[in-house]
There are 2 protein chains.
Amino acid sequence: MKKKAKAEIDLSTEEKIKEAARKVFTRKGYAATRTRDIAEEAGLNLALLNYYFRSKSKLFEMIMAEKMQQFFGFMLPVINNADTSVQEKVELITSKYMELLMENPDLPYFVLSEIRNTPDYFMKITDSGNFLSKSIFIRQIREKAPGRNPFHYLINLLGMCVFPFIMNPVLQKMGALDEKTFAKMMKERKTLIPAWIKSMLEED
Amino acid sequence: MKKKAKAEIDLSTEEKIKEAARKVFTRKGYAATRTRDIAEEAGLNLALLNYYFRSKSKLFEMIMAEKMQQFFGFMLPVINNADTSVQEKVELITSKYMELLMENPDLPYFVLSEIRNTPDYFMKITDSGNFLSKSIFIRQIREKAPGRNPFHYLINLLGMCVFPFIMNPVLQKMGALDEKTFAKMMKERKTLIPAWIKSMLEED
DNA sequence: GTCTATAGAGGGATAGAC
DNA sequence: GTCTATCCCTCTATAGAC
């Protein structure tokens, strides 16, 4: 207890760097980030970045893998659970995703903007060829709506969760939404999205 | 006629640079793009970029404004047309957006990844405070579904159009979708999305 | 208008003192 | 382990010949 409390206040140097790197990389992207920015954000010296992590790119890879894990990691076990219905899966994915994104609002920006430059990192997480097509979730959707490509619904589900966080900065800047209203809407979406998906699937 | 045909084959130097800049900036983002890349892509010399456009950033601003125009421009007149119903607007937006995106599949990546660094460019396009909240489209949605924040539906509409193009590279790399299937699905979406939105609005 | 050559700044990485 | 000082490469921008 005492140890943990202390660790939170007085992080190890290595952890300070990682924390600063998370922040700066996420805000500015890989190319626009200078190692000096990270050092400054961490309140430390530039040389320490190379002492703890060999290079800017190594440090980035570490952060990236972590974010990918956050972004895609939890979904895989859910998707292949044979004991839950489609609707239960949808509810689970929605609520977990919305919570994750509310805590990390710029996760989508980061992952999506860097993904095209990093064709390999996230393959390690997802491994194996077209496991997704063979997943239980996709199979269950296919049964529910046999006439349609099931990925329509997967894309809609993820899009309705993730896209608001992408649009949010734009909408706020346009004065269309304030922070509080946005937060309230995201809460509502936890129940709205499963209902929308349900009616989409039943329409067929 | 003769002149135009020639112009299309043998572009002016200025146009060659812009064309190359579009390609490279879109693929790599601003920070990761080197002016040398653009010069090479254009088959020209580096010095010419600075001759025609004063600097890398000026050139970028030009391309960015152009892309913003593409991305947001056409929507504004549609949104404020008093002579069309919600459903007609949804159909119009969907079909135009899907066509635009099919021709420029990496438009979303570009706009969305650069938007956080360029808080001002697109404000010129959208100008004026919360014009969006006062738009006819939003008012019409509010009437149809009085209990809910109308931006839920706007976000869903745009998300269902745009998000597939964001996910596409990921899904292709995971072997879940091939190019042909994706193109087919995007065509289907032109009619599917309006139907989905309609049933969402009626559910309330 | 288009090129070559180069100035000049910025930023990643490291040597070496403490 | 942590710091300062600095190397050196890369990239933008410009000078100047043609």
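Quick note on labels: first sequence line is chain A, next is B, and so on, each numbered from 1. Values below: every heavy atom of this structure, side chains too, minus hydrogens, waters and symmetry copies.
At least one side-chain heavy atom of A/Leu59 sits under 4.5 Å from a side-chain heavy atom of A/Ile38.
Under the 3.5 Å distance criterion, with hydrogens and angles disregarded, a donor-acceptor pair is assigned to the side chains of B/Lys89 and B/Thr84.
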Problem set entry | Stepwise ring pair (Phe, Tyr, Trp, His ring centres under 6.0 Å) check, B/Phe53 with B/Phe60 | CA-CA 10 Å; B/Phe53 309 87; B/Phe60 180 76; over 10 Å; no
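Note: CZ (B/Arg34) to P (D/dC11) measures 4 Å, nearest angstrom. Taking atom CG of residue A/Asn50 and atom P of nucleotide D/dT4, one finds them 15 Å apart after rounding to whole Å.
Note on B/Tyr52: only backbone sugar-phosphate atoms sit closer than 4.0 angstrom, heavy atoms only; bases stay farther off. At a threshold of 4.0 angstrom between heavy atoms, the contacts of B/Leu49 with the nucleic acid are absent.
Along DNA chain C, read 5' to 3', the first and last nucleotides having any atom under 4.0 Å from a heavy atom of chain B are C/dG1 to C/dT4.
Relative to the ring axis of A/Tyr52, A/Lys58 does not place its NZ or CZ within 45° and under 6.0 Å from the centre.
A centroid separation of 6.0 Å or more is found between the aromatic rings of A/Phe165 and A/Tyr109.
Between A/Gly43 and A/Arg36, the residue whose closest nucleotide on DNA chain D is further toward the 5' end is A/Gly43.
Pairs passing the side chain to side chain donor-acceptor pair (under 3.5 Å) check and including a residue from residues 156-165 of chain B, sequence neighbours excluded, read A/Arg189-B/Asn156.
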